Asker: 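My questions all concern the structure below.
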Amino acid sequence: MRVLTLLGIAASLALVPDALAVKEKDFKTCSQSGFCRRGRALAARAKEASSWNSPYSVDASSVAISPDQASVTAGVKSLLYPEVKFELELRVHDDGVVRVRMDEVGGLKKRYDEASSWALIAEPVVSKTVQWTAAKDCIRAVYGPKKELEVVVSYEPLRVALLRNGKAQVQLNGHGLLHMEHFRTKEERKIEETSQEEEQVVLDTTNPRAWFEGDSEDGWWDEKFGGHTDTKPKGPESLSLDISFPFHPVVYGIPQHATTLALPTTLGDDATYTDPFRLHNADVFEYLASSPMSLYGSIPVMYAHSEESTVGVFNAVASETWIDIWHAKPQSSDTHWMSESGILDVFLLPGPTPADVFAQYGRLTGTAAMPAQWSLGYHQCRWNYVSSDDVRMVSRKMDEHDMPMDVIWLDIEYSEEHKYFIWDHKTFPDPVDMTKDVAAVGRKMVVIIDPHLKRTSNYPVYQEATERGLTVRKPNGQDEYEGWCWAGSSSWLDCFNPGSWKWYQDLYLLDRKREDGGWTWAESTEDVHIWNDMNEPAIFNGPEITMPKDMVHYGGWEHRDVHNINGMLFTNQTWQALKARSTPAKRPFVLTRSFYAGSQRWGAMWTGDNLGTWEHMAVGLKMVLANSIGGMPFAGSDVGGFFGNPEPEMLVRWYQLGAFNPFFRAHAHIDTKRREPYLLDEPYRQMLKDILRLRYAQLPIWYTAFHQSAVTGVPILRPHWVMFPKDVNGFALDDQFFVGDSGLLVKPITTPETTEASVYLPAEDQIYYNYFTHLAYRSSKKGKTVTVPAALSEIPLLIRGGSIVPTRERPRRSAPLMKHDPFTLRVALDKAGAAAGTLYLDDGETYAFEQGDFVYRDLAAETKSKVLRISSRDLAASPRLLQVGREVSLDVYSPGNAYAKEIAGVRVERVVVLGAGKPKKVTLGDGGRELVWEFVPGVAAGGKKEGTASVLTIKDPKALIVEDWDIVITL
Ligand SMILES: *[C@@H]1O[C@H](CO)[C@@H](O)[C@H](O)[C@H]1NC(C)=O
């Protein structure tokens, strides 16, 4: 949330986005950012030059292969500054990822080199089977199971290429834009005294330095913006690097931007945007619905895709970064990365499938944490629920209207004078009792804790932090930095300081005393979870609403070096704190606004302060998809829009969309009208109730998808290209998607007055069923667009033939209350009369699953010699379970584990088979008990007809979830 309301400007204005658009002047364009200007000018000179060669080259005599062949290092120098030394290092990891690092050595200062140490889960294992061979002009390594991969470092000019079967996949410095500005003194380069304002001196082409770096010290030593001066004590130290994908026409990734999933161009005659994409975590008030501007989080990972393969790059940089995208040739994607500081530390992900690149990225930065199951339910938030009684009332009203809800949220006004942790007792006199009342029906609370600390003597959290020296410093490294935020004059906890970790985590101890005698949050319970907002950090009086870049963190690093990581570190500490407060540990829920590569290890993000407009509803989905493939799958955008008062139609559509976001929360600005779902008039109220119930019925699908994402790194929401990488028609699709591998294909409606939707069916010979009406659609090998009904009460939701979808259809007040509920299985047959699915279950809140306490079922249907057999088998006991990143050891799994015992009586209460022929007999097991069934004739899966599918409903087979069974249908 941002400050405008404080100034008394009514949020209703927010419904006129053009009149009150984001104050673009609050945020830099590339031309207002010195290093971006320099980077783009370099690229422009390279483009205009008749011949352009990178001045960087490898000194062949310095190339050294480590004795174990694990890595190769080489000295690099630039023609322009022969006396400056750089070192290049390459390593090939076990899984084929290539890491390329370059740093200045023996320079006047040290570049920031710790970004990867925060982002990576561990130091990657280097391959032992790679063989490097050095030639006169290059060094190469051939590797991979079939020796199909090759990495080549060319010496002059320096270039790095990753090839598959001889074809270049990724190329560094192919356009010659690599430039690591070395540290220098102000006097080093004598040029005529030209003032910063009149810097257009004619380019001196006889001066190679001017040819390459430009002829002025543009923004080298300080920079002004919006009344702030950035003092740049280290001078210029930016890093420019071009990364091309010569045979991949589409690129995705680098969230977070409000734009399409397939990234549009920023350079070239018909470029979509004139500015590069920017990564610089920022609190952008009323952001534009289509823009390359920075938003709250930054993940510098990019995927490039073609019909043939998917590859990726992860650029572990933490400073402000701008990225230009263009297509030098129709089949290529070309990108130019400009970062303000930091070493070069780039990981090349060889793919070749989407699943491979996600696994490769997941092994580096970790996969998403397994969430508490309740956190997949519905979250009700508002700025603000104003009192304990208000909270109780909302919880009660949801019950009165039979609307499920798991979490009720408190924004900043719960706290006294925005001193987080400290309840305002005038309005919240009994926080612990209030939480207990909410928790009585299995619900939780989420309360906001921001990283700014009110500078006041009656706030123990600030007092302790400042006494211990745990806050961010001013440029002199001594004095505490002070800025302005919700709490007024504030200081910021410096989570880069390891000394802050235990101190901060101990604030959350519930009934235990702190060893150091410090303050603890006694007025809290295990049912209170946390929302970290404003952690970019947002600072109302700072440049671009954030911290001045010359402030100093632990270790002497400037804020400029670490900016994009800052928010992640705070979230980590919050997560660790919640995990540590109970024994045995319970899975924390932490929502963060700011994020970086690795944040997925600590929970959920949302797309920040969106507007209540159709445009924002639509782009929110694209942003969630981009975050999903960016490794941050627990994502959602605020249902209803943060600003504005959505009309009922919009609200209904937004709930439909939210019910298909991994993170499902309604939220609203303090100046908006109350809009809890029970407040709507009929027929809208019933529509919202139906949507909420649909989400709860489908919780097993979401939980299974989260689990799969946690072990494989594959996103929960899967864009079309991820599911059908060879289907060119789907490369740019970003308004419909699949949920995990459940087979659910959804296209949420994001336009007003809509009654039907065009849904693109993938290029495959397959049947798709309408989830609600069972209408069968047929796709073809060329792909096909079909029209699906979408009246206001309807969501275009299809099940792909060949899927088995488990649901729990008994309405409950909260997710934990569904623990022993029976299951419904929807078996959507494909043309061959087959289907498959999985179901993962565990206790949903502890870490016992890591000790093997879980149930993982392999569901299958198969038709053979006039018998359709639907079966359930123990998947954990079978070798099909793929594992990446997170360690869920199967050694400790046993079918009779404690959780399996706990749900021993849970059964399947209904099996609905779509597209089957009429049965003669249905039994549980071969020759076993006859089951009761009902058959409504219709279109069969095996035929070619469209129309309503046949529906066979098997009533209460009493097949147990934890046991192996077969339902045998004689046709
Ligand atoms: C997360 O916090 C733990 C300490 O609780 C620390 O060891 C780890 O380095 C932190 N990681 C990040 C990325 O902050």
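For clarity, every value in this text was computed on a predicted model and none was experimentally measured. Each ligand, and each atom within it, is numbered from 1 in the order the structure gives.
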Asker: Considering non-hydrogen atoms only, spot the tightest contact between L90 and V98 and give its length.
Answerer: CD2-CG1, 4.0 Å
Asker: Regarding atom 10 (C) of ligand 1: of the candidates N572, T365, L569, which has the closest heavy atom?
Answerer: N572
Asker: Counting only nitrogen or oxygen atoms and a 3.5 angstrom limit, does W501 reach ligand 1?
Answerer: no
Asker: Would you mind checking which non-hydrogen protein atom is closest to atom 5 (O) of ligand 1, with the distance to 0.1 Å?
Answerer: Q505 NE2, 2.9 Å
Asker: Pairs of nitrogen or oxygen atoms closer than 3.5 Å, one from W118 and one from ligand 1: do any exist?
Answerer: no
Asker: Do you know which two heavy atoms are closest between C381 and R665, and how far apart they sit?
Answerer: SG-NH1, 3.5 Å
Asker: Only one of Y504, W503, Y459 forms a side chain to side chain donor-acceptor pair (under 3.5 Å) with E464, so which one is it?
Answerer: W503
Asker: Return yes when Y504 approaches ligand 1 closer than 4.0 angstrom through a heavy atom, no otherwise.
Answerer: no
Asker: Would you say the side-chain atoms of S491 and T471 include a donor-acceptor pair closer than 3.5 Å?
Answerer: no
Asker: May I ask you to check if ligand 1 and Q573 share an N or O to N or O distance below 3.5 Å?
Answerer: yes
Asker: In this structure, is the centre-to-centre distance between the rings of F663 and W606 below 6.0 Å?
Answerer: no
Asker: Mark yes or no for whether S709, through its side chain, and A705, through its backbone, hold a donor-acceptor pair below 3.5 Å.
Answerer: no
Asker: Applying a heavy-atom cut-off of 4.0 Å, say which part of F570 lies close to ligand 1: side chain, backbone, both or neither.
Answerer: neither
